[in-house]
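These notes concern the structure reproduced below.
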Amino acid sequence: MTTDDPATEGQIGATKTSFGIVEHLRNHGTMGVSEVASALGVSKSTAHNHLQTLAELGYVIQTDEGYDLSLKFLDLGDHARRRHALYHAAISEMDDLVEAVGERGQVMVEENGRGVYIYQVKTEQGVQTDSHIGTTVDLHTTAVGKSYLAFCDDDTRERLLENSLSELTSNTISDRETLLEELETIRERGYAFNDEERITGMRAVGAPILSDDDTILGAISVSGPTTRMKGEWYHREVPEMVMQAARIIGIRATYS
């Protein structure tokens, strides 16, 4: 990617370069001008100009080690998250659910074909994985994502599943027909399991958040290690708690 290359129709090359730098710093941390230029395939002067502009705008900071993202992105992220009525409707109910289960919980919405976590909470013993608020995930690999896929309308589901299904662990359902059968089961019982399908050693139970006219708004889940998420408690009691919490959140989101 270079700023000298013609931009795709309707796109601005310089903007793509700036956001390419932002995303690269997010993924790799502090970097110098030469490293950024090499990673993005631009000249050092181009990289320097973009970094300086981002720094002047307050989105990048410069240290002795190089450039990194500033805390200004926290404000943007918090604003984006808070515009969701679902976020406000879910907080107290998710806090109570996680306290009852004793693990970790998350609230997810779909955006651009992927699941985005807009809220997470965990107890002291809850296991923190690679996900956090703002993390995007493949829908078919998570309990929240499969809950969403199971209860969205047919056209939306077709759009969301039009690409090949990634395989993250040996348990990931990467075959389309097998996944569709799984989604039918989820619709019938009202909740989804994630049996080490995204991270080996972790299980989760998810349920859809529906409005009063059964429109899918998002989904919630609780997750924990296989050593604790097991037996009758995991297969019967936790799903009931998750579905109840999802129903309450749906009512609050509908009438807030």
Side-chain angles (χ1 to χ4, degrees), residues 1-84 86-87 104 106-122 127-142 144-145 148 159-169 172 174 198-199 202 218:
M1 182 199 325
T2 70
T3 54
D4 296 328
D5 291 337
T8 304
E9 184 178 355
Q11 297 181 350
I12 298 173
T15 303
K16 291 177 67 176
T17 299
S18 286
F19 277 95
I21 290 172
V22 166
E23 292 181 350
H24 198 74
L25 292 177
R26 177 200 63 189
N27 293 334
H28 300 282
T30 304
M31 302 188 78
V33 173
S34 296
E35 294 173 297
V36 170
S38 176
L40 271 73
V42 299
S43 67
K44 287 180 62 176
S45 62
T46 294
H48 179 266
N49 289 339
H50 280 271
L51 287 164
Q52 283 297 302
T53 300
L54 288 167
E56 290 171 7
L57 293 172
Y59 292 103
V60 162
I61 57 171
Q62 184 177 7
T63 67
D64 292 340
E65 288 75 32
Y67 292 87
D68 206 346
L69 301 183
S70 80
L71 296 177
K72 191 169 184 177
F73 283 101
L74 289 177
D75 179 61
L76 293 178
D78 191 57
H79 173 77
R81 178 177 63 164
R82 288 179 180 275
R83 68 181 170 83
H84 280 279
L86 201 58
Y87 167 75
R104 189 187 71 185
Q106 38 273 320
V107 182
M108 184 217 79
V109 296
E110 181 268 325
E111 188 173 83
N112 294 326
R114 290 175 63 78
V116 183
Y117 292 134
I118 61 171
Y119 186 64
Q120 283 192 342
V121 60
K122 74 179 187 70
V127 176
Q128 182 63 51
T129 64
D130 62 333
S131 70
H132 50 78
I133 294 171
T135 294
T136 63
V137 293
D138 293 331
L139 293 169
H140 69 286
T141 67
T142 64
V144 279
Y148 190 93
R159 172 178 60 82
L160 294 174
L161 296 179
E162 64 183 0
N163 297 321
S164 61
L165 304 175
S166 59
E167 186 172 343
L168 302 183
T169 75
T172 304
S174 56
R198 182 172 179 270
I199 298 175
M202 294 293 291

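Please read these numbers as outputs of a predicted model, since none were measured by experiment.
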Which atom pair, heavy atoms only, marks the closest approach of Leu86 to Met108?
CD2-O, 4.5 Å
Can you list the residues that meet the side chain to side chain contact (heavy atoms under 4.5 Å, CB included) rule with Ala39, with sequence neighbours excluded?
His24
Option from Ile21, Leu40, Val36 for which side chain to side chain contact (heavy atoms under 4.5 Å, CB included) with His50 holds:
Ile21
Listed by chain and number, what are the side chain to side chain contact (heavy atoms under 4.5 Å, CB included) partners of Glu167, not counting sequence neighbours?
Thr172, Ser174
Evaluate the side-chain proximity of Thr63 to Asp68: yes if any heavy-atom separation is below 4.5 Å, no if none is.
no
His48: what forms a ring pair (Phe, Tyr, Trp, His ring centres under 6.0 Å) with it, not counting sequence neighbours?
none
Asp64: which residues meet the side chain to side chain contact (heavy atoms under 4.5 Å, CB included) condition with it, sequence neighbours left out?
none
Taking all non-hydrogen atoms of both residues into account, name the closest pair between Gly113 and Leu160 and its distance.
CA-CD2, 3.5 Å
Under the salt bridge (charged side-chain N to carboxylate O under 4.0 Å, His left out) rule, what pairs show up with a residue in residues 131-140, not counting sequence neighbours?
Arg114-Asp138
Residues forming a side chain to side chain contact (heavy atoms under 4.5 Å, CB included) with Ser38, sequence neighbours excluded:
none
Do you see a donor-acceptor pair shorter than 3.5 Å between the side chains of Ser131 and Gln106?
no
Which heavy atom in Asp130 sits nearest to a heavy atom in His132, and how many Å separate them?
O-CD2, 3.7 Å
If we only count heavy atoms from C-beta on, is the Tyr117 to Ile133 side-chain gap below 4.5 Å?
no
Indicate whether the side chain of Tyr67 and that of Gln52 have a donor and an acceptor atom separated by less than 3.5 Å.
yes
Distance alone, cut at 3.5 Å: any donor-acceptor contact between the side chains of Arg104 and Thr129?
yes
Residue pair Asn163 / Leu161, side-chain heavy-atom distance below 4.5 Å:
no
Is there side-chain contact between Glu110 and Val116, with heavy atoms separated by less than 4.5 Å?
no
Short side-chain donor-acceptor distance under 3.5 Å, Thr15 and Ser18:
no
